[in-house]
Amino acid sequence: MGIYDTLNEQQKEAVFCTEGPLLLLAGAGSGKTRVLTHRIAYLIDQGVNPYHIMAITFTNKAAKEMRERVDQLVGYGAEHIWVSTFHSTCVRILRRHIDKLGYGNSFTIYDADDQKSLIKGICKQFKIDTKMMPERSIIREISSAKDEFMTPAEYETRHQYDFNKKKIAEIYREYQKQLKANNALDFDDLLFKTVELFQFHPEVLDYYQERFQYIMVDEYQDTNTIQFQLISMLARKYRNLCVVGDDDQSIYKFRGANIKNILNFENVFSDAQVIKLEQNYRSTKNILNAANEVISNNAGRKEKKLWTENEAGDLIEFHQYGTEYEEAGRIADEIEKLAKEGYEYKNMAVLYRTNAQSRVFEERFMIKNIPYRIVGGTNFYQRKEVKDMICYLKAVGNGMDDLAVRRIINVPRRGIGAATIDKINAYAIENDISFLDACFQAEEITSLGNAKKKIQGFADMIQEFRDQEKQGSLEELFDYILEKTGYVEQLEAEKTEEAEGRIENINELLNKVVTYEQEAEEPSLGELLEEIALVADIDDLDESDNRVVLMTLHSAKGLEFPYVFICGMEDGIFPSYMTIISENDEDMEEERRLCYVGITRAKKKLYLSAAKRRMMQGRTQFNKVSRFIDEIPEELLETGQDFSKKENRIEKDMFSANRRNRFRKPYQAKSFAPPKIDQLSYDVGDQVTHIKFGKGTVTEIVSGGRDFEVTVDFEKCGVKKMFASFAKLKKVEGNQ
DNA sequence: CTCCTTTGTCTTTTT
DNA sequence: GACAAAGGAG
């Protein structure tokens with residue numbers, strides 16, 4: 001029995017088709033990752049050197065999984081395969097060669113916040129009214145220009161009769177200039193500059209063409225123009241390009257994903273083979289039928305019919321609740337019920353359209369002691385304190401990064417204000433040096449006066465950090481920065497819960513630094529910063545920890561769960577308000593594909609829900625049930641209530657004021673993480689306090705596996721059972 | 001220069 | 001309702 005015998009006919013065909021261009025249309029749950037991994041194994045079997053194989057995935061997580069699975073199949077050589085995301089691939093290439101484009105090889109990567117500050121500065125400089133032209137839309141415009149591989153000059157030529165766009169062309173040009181001056185690239189630049197590199201330096205392209213003789217691209221439906229450009233350049237020589245995608249799961253048009261890449265594939269690579277994978281191994285018949293029905297409402301898709309041999313399974317549950325609180329509560333109840341029946345938390349996921357919807361669930365789950373993890377939202381690395389520390393590291397690694405230096409020059413407070421910063425900046429521009437270099441030359445800046453000493457102190461400190469970086473480990477550098485700046489010290493002095501949370505986050509960052517240093521082959525500051533810049537929230541989703549996962553439908557792509565709850569099935573939420581008012585039918589189709597993606601995440605049972613009214617941006621909204629619910633045949637739905645699709649009415653009854661307690665700490669970690677507890681600081685009979693329930697007496701402690709189940713009799717709200725690692729009970733000293 | 005209050009803007013989704 | 005940016009007092 002070979003490893004290929006378990007594959008079905010189409011899968012085998014795809015695995016054995018190794019030479020030439022191949023378009024693999026793989027429906028949801030059709031075993032596409034299996035095909036990709038087996039195909040890699042087969043290539044190696046056929047004598048292809050793993051060194052010549054490249055697989056591009058959508059997330060780092062997918063890359064890691066793929067490598068592990070190939071490892072299991074082939075036993076050796078898997079580590080030589082280049083498995084990576086588009087962005088990481090480009091960074092690796094650019095680190096080696098970007099000096100050919102006039103950048104320094106230790107460039108930094110700017111995230112969305114950095115982009116925004118840069119654009120903001122430019123708008124100020126150009127005296128552009130950001131009310132007429134918001135930064136967001138400028139960034140979006142520049143980003144899509146880059147996605148289309150359009151330089152500022154080309155952009156200007158194309159839009160020379162459009163006043164606003166001509167203005168944007170100017171901003172775009174200046175933006176690129178400043179990025180370069182800061183020796184920084186934004187996300188789009190990573191792709192853009194790599195393609196540019198290949199274009200102007202054929203010898204570099206040739207090197208990578210030789211290296212990547214067999215290329216595979218996952219989630220091909222979500223590639224944009226420049227990504228297509230990149231892979232077609234790489235594959236031009238050997239033409240062994242296998243792309244895997246599903247046009248029905250294309251959900252990133254807003255990010256420039258070009259559905260034409262799938263249609264065009266057969267044009268650009270005219271001898272391309274096309275194989276369809278249509279057997280679904282993931283979901284029950286009912287779930288799959290619902291998905292098929294919904295997606296059939298889209299025009300303009302490649303015809304395919306997903307089928308499954310799985311059982312029919314349960315009906316899909318749909319409920320319309322009164323408010324979002326009720327919705328979250330009922331879902332939490334159901335999750336609790338399933339958990340009691342023995343199903344594990346990690347087998348359940350709550351999916352929603354927008355990140356803002358997570359809050360209610362977070363509150364609910366915390367009260368009910370349901371372990372959960374939220375993916376996305378405000379990224380850990382975007383938190384103020386974390387970003388501050390990263391900017392210190394950036395300033396050490398790349399002194400040209402003005403943005404980073406300016407962020408930290410007065411954090412913690414050193415008495416350096418806006419006026420001083422402006423003076424330094426003027427000096428830097430005048431002498432054509434970086435902001436940090438200007439600080440080093442503070443002596444020369446006559447206008448500074450009293451601030452001179454402060455600036456010199458700052459510059460000296462950065463210099464000390466640099467010396468430290470050269471001689472010690474990253475962990476030591478980090479500790480040294482914390483100590484020298486007194487960052488944590490100052491937070492400690494605040495003695496607020498918020499400051500405590502921030503300290504926790506800084507410690508968490510320190511953990512990441514240490515982990516990185518232990519795991520990396522050749523740890524370096526540059527690589528650390530790069531890893532931080534390129535992580536997606538989904539990347540550190542650990543399948544083994546037993547928690548309910550909460551995330552957006554977008555983040556859920558590529559994942560599967562036995563039990564899936566999709567909430568907020570309301571017109572105005574999902575499909576979103578923006579798509580409903582949109583003139584463009586394609587927007588609604590994309591939204592529908594997102595719905596299809598959501599439904600097909602479920603293996604065993606799908607729960608859909610809506611709320612009649614919900615609070616949005618401080619206003620109460622009354623939403624109708626989502627049109628997507630209407631697109632699911634009634635016989636597949638179990639509503640269990642008097643809900644009827646025909647009579648989709650909203651009752652405008654009284655809305656009692658929302659009286660939920662606000663107990664949520666600011667800056668709380670995005671997951672309700674159970675720290676490993678092997679010993680409790682309290683015992684039966686002790687007085688303890690709980691963050692939500694207040695004071696109480698411990699009446700029972702039961703050791704259950706790796707955790708303790710503690711029963712507490714609270715003064716205010718009675719007896720509750722909870723897991724020690726989640727409850728974070730604190731003993732009240734000195735028994736009263 | 002810093003801290004605190006007030007005002008205004010949000011409506012997707014993210015590598 | 002939440003959060004950032006701007007404005008005002010010390």
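The structure presented is a predicted model; accordingly, all values stated were derived computationally and were not measured. Note on naming: letters A, B, ... go to the chains in the order of the sequence lines (proteins, then strands), and numbering restarts at 1 for each one.
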request  = List in chain and number order the residues that pass side-chain hydrogen bond (donor to acceptor under 3.5 Å, both in side chains) with S250(A), two or more places apart in sequence or in another chain; answer none if no residue qualifies.
outcome  = none
query = Would you say dA5(C) has OP1 or OP2 under 4.0 Å from some side-chain N or O of K120(A)?
reply = yes
Check: F58(A) ring centroid to Y252(A) ring centroid under 6.0 Å = yes
query = Between D114(A) and K387(A), is there a salt bridge with N-O shorter than 4.0 Å?
reply = yes
key: R359(A) vs dG1(C): side-chain N/O to OP1/OP2 distance below 4.0 Å   = no
ask   = Base, sugar-phosphate alone, or nothing: which one does K131(A) contact when heavy atoms must sit under 4.0 Å apart?
value = sugar-phosphate
message = Take a 6.0 Å sphere around CG of D542(A) and say whether it holds more than 12 heavy atoms from other residues, nucleotides or ligands.
response = yes
task = Please determine, for dT12(B), whether a Watson-Crick or G-U wobble partner exists with both distances under 3.5 Å, and give it or none.
result = none
query = Between dC1(B) and N450(A), is there an OP1 or OP2 to side-chain N/O distance shorter than 4.0 Å?
reply = no
message = When the C1' atoms of dA5(C) and dT12(B) are compared, how many Å lie between them, rounded to an integer?
response = 23 Å
note = Separation of dC10(B) atom C1' from M615(A) atom CE, nearest Å, is 16 Å
ask   = Looking across every strand, which nucleic acid part, if any, lies under 4.0 Å from R619(A) by heavy atom: base, sugar-phosphate, or nothing?
value = nothing
ask   = Reckon G417(A) touches a base, only the sugar-phosphate, or nothing at all at heavy-atom distances under 4.0 Å?
value = sugar-phosphate
ask   = Once you round to the nearest 0.5 Å, how far does CZ of F212(A) lie from CD1 of I81(A)?
value = 12.0 Å
Would you tabulate the nitrogen or oxygen pairs shorter than 3.5 Å linking the protein to nucleotides 11-15 of chain B?
from	atom 1	to	atom 2	distance (Å)
dT11(B)	N3	Q617(A)	NE2	3.2
dT11(B)	O4	Q617(A)	NE2	3.3
dT12(B)	O2	R353(A)	NE	3.4
dT12(B)	O2	R353(A)	NH1	2.2
dT12(B)	O2	R353(A)	NH2	2.2
dT13(B)	OP1	N355(A)	N	3.0
dT13(B)	O4'	R353(A)	NH2	3.3
dT13(B)	O2	R353(A)	NH2	2.6
dT13(B)	O2	H554(A)	NE2	3.3
dT14(B)	OP1	T552(A)	OG1	3.0
dT14(B)	OP1	S555(A)	OG	3.2
dT14(B)	OP2	N355(A)	ND2	3.4
dT15(B)	O4'	R255(A)	NH1	3.4
dT15(B)	O2	H87(A)	NE2	2.9

message = Are L190(A) and F107(A) packed together at the side-chain level, in the sense that at least one heavy-atom pair is separated by less than 4.5 angstrom?
response = yes
